[in-house]
Number of protein chains: 2
Amino acid sequence: MKVLSKATIYGLRALVYLASKKDRTGYLNIGEISEKLNISFHFLTKTFQTLTLHGILESYRGPNGGIALKKPADQIFLTDIVHILEGADFFDKCLLGLPGCGVEAPCPVHDFWKDAKKSVKHEFDITSLAELGEKVSDERMRLVS
Amino acid sequence: MKVLSKATIYGLRALVYLASKKDRTGYLNIGEISEKLNISFHFLTKTFQTLTLHGILESYRGPNGGIALKKPADQIFLTDIVHILEGADFFDKCLLGLPGCGVEAPCPVHDFWKDAKKSVKHEFDITSLAELGEKVSDERMRLVS
DNA sequence: AAGATTTAAGAGTATTTAGTCGCAAAAGAA
DNA sequence: TTCTTTTGCGACTAAATACTCTTAAATCTT
């Protein structure tokens with residue numbers, strides 16, 4: 001069940017990594033992140049640019065530069081990131097991709113899908129980077145390798 | 001929120017259409033279906049071939065040939081179709097696409113995603129073509145145009 | 001048997017997504 | 001000022017997905 005594009009997946013992983021490094025002050029080097037997470041440097045850079053542009057990150061060039069979360073990790077939710085990287089209508093699309101499908105003329109699967117989607121959206125809405133970052137520092141994954 | 005490939009979306013729409021035509025006996029012409037649903041004939045044909053191969057449809061060549069559901073519509077569930085067209089591991093994948101992510105070494109979002117995914121899977125498991133076909137005949141969509 | 005109809009199958013094309021590369025711009029260090 | 005580090009940004013390449021076209025095979029009709 002593929003839901004997110006690679007750009008979003010990479011962005012998410014990197015942000016979770018950032019959130020898990022909350023002790024470290026200052027900027028985190030993109031090169032280092034891409035290496036640790038085994039993600040293409042240039043690809044990740046582009047995604048970070050988007051996130052910087054949308055106020056999730058702040059960046060700084062030059063030695064000891066890099067990126068940092070612009071807001072506390074507990075104020076950034078999955079929904080925010082997904083909306084920025086996948087589009088604002090991410091949760092509004094019809095499962096069957098029917099253009100006219102909506103409240104007035106729902107497609108056959110609309111109702112059933114609406115419920116399932118709602119529960120996914122709810123998880124995205126309440127899950128913050130801080131929460132996910134905690135789990136990483138709990139040594140429960142090799143995301144940080 | 002894109003979940004399904006176009007092939008699956010088209011296949012689903014066509015199957016729902018088929019299910020809604022339960023009064024009609026015999027085979028339904030692929031050309032007619034593709035025209036009614038505004039889906040590329042050749043593309044749809046390939047998807048139907050896959051579904052025929054996997055026992056969802058039966059096909060017949062020659063005049064008055066076409067395709068028909070091989071089983072009653074209330075015995076075909078979304079899960080079946082999705083597994084055939086998207087792969088058997090459709091509901092088993094990690095949201096972040098981490099290769100090693102699983103029960104033993106869950107990734108940070110694994111737990112939260114697991115719950116959301118479970119509810120989607122449940123809807124897929126209990127929703128049959130018959131149910132969706134009913135809704136179409138209820139004139140609630142322009143799927144049949 | 002010959003021709004028409006309709007699915008099967010595979011090759012070919014186009015579009016989208018993913019990933020790479022090179023250089024410009026900002027900032028610090030020597 | 002010049003060199004080094006590091007992000008910004010645009011162009012390019014590769015791969016995956018979506019779509020099209022042609023021909024073969026099955027079946028019916030005449």
Phosphate-side-chain proximity, Ser5(B) and dT17(D), N/O vs OP1/OP2 below 4.0 Å
no
For the pair made of CD in Glu58(A) and P in dA27(C), what is the distance, rounded to whole Å?
13 Å
Connected-component partners of Phe77(A) among ILVMFWY, side-chain separation under 4.5 Å
none
Connected-component partners of Leu53(A) among ILVMFWY, side-chain separation under 4.5 Å
none
Test: Glu123(A) and Lys114(B) ion pair at under 4.0 Å
no
Please collect all salt bridge (Lys or Arg N to Asp or Glu O under 4.0 Å) contacts where either partner lies in residues 68-92 of chain B, sequence neighbours excluded, each pair once.
none
Separation of dT20(D) P from Lys6(B) NZ (nearest whole Å)
12 Å
What is the distance from CG of Leu37(B) to P of dC19(D), rounded to the nearest Å?
14 Å
Report the distance from atom NZ of Lys2(A) to atom P of dT17(D), rounded to the nearest whole Å.
7 Å
How many whole angstroms separate atom OH of Tyr10(B) from atom C1' of dT17(D)?
11 Å
From CG of Asn38(A) across to C1' of dG19(C) the rounded distance in Å is 13 Å
Using side-chain hydrogen bond (donor to acceptor under 3.5 Å, both in side chains) as the criterion, list what pairs up with Asp115(A), not counting sequence neighbours.
none
Whole-Å distance, Phe43(A) CZ to dG22(C) C1', equals 18 Å
Find the distance Tyr27(B):OH to dT27(D):P and express it as a whole number of Å.
10 Å
Output a table of donor-acceptor pairs, distance under 3.5 Å, between side-chain atoms of residues 24-32 of chain A and any protein atom two or more places apart or on a different chain; print 'none' if there are none.
from, atom 1, to, atom 2, distance (Å)
Arg24(A), NH1, Glu32(A), OE2, 3.4
Asn29(A), OD1, Gly31(A), N, 2.7
Asn29(A), OD1, Glu32(A), N, 3.1

For each nucleotide in nucleotides 4-12 of chain C, reading 5' to 3', give B when a protein heavy atom comes within less than 4.0 Å of its base, S when such contact involves only the sugar-phosphate, and - otherwise.
-BBBBB-B-
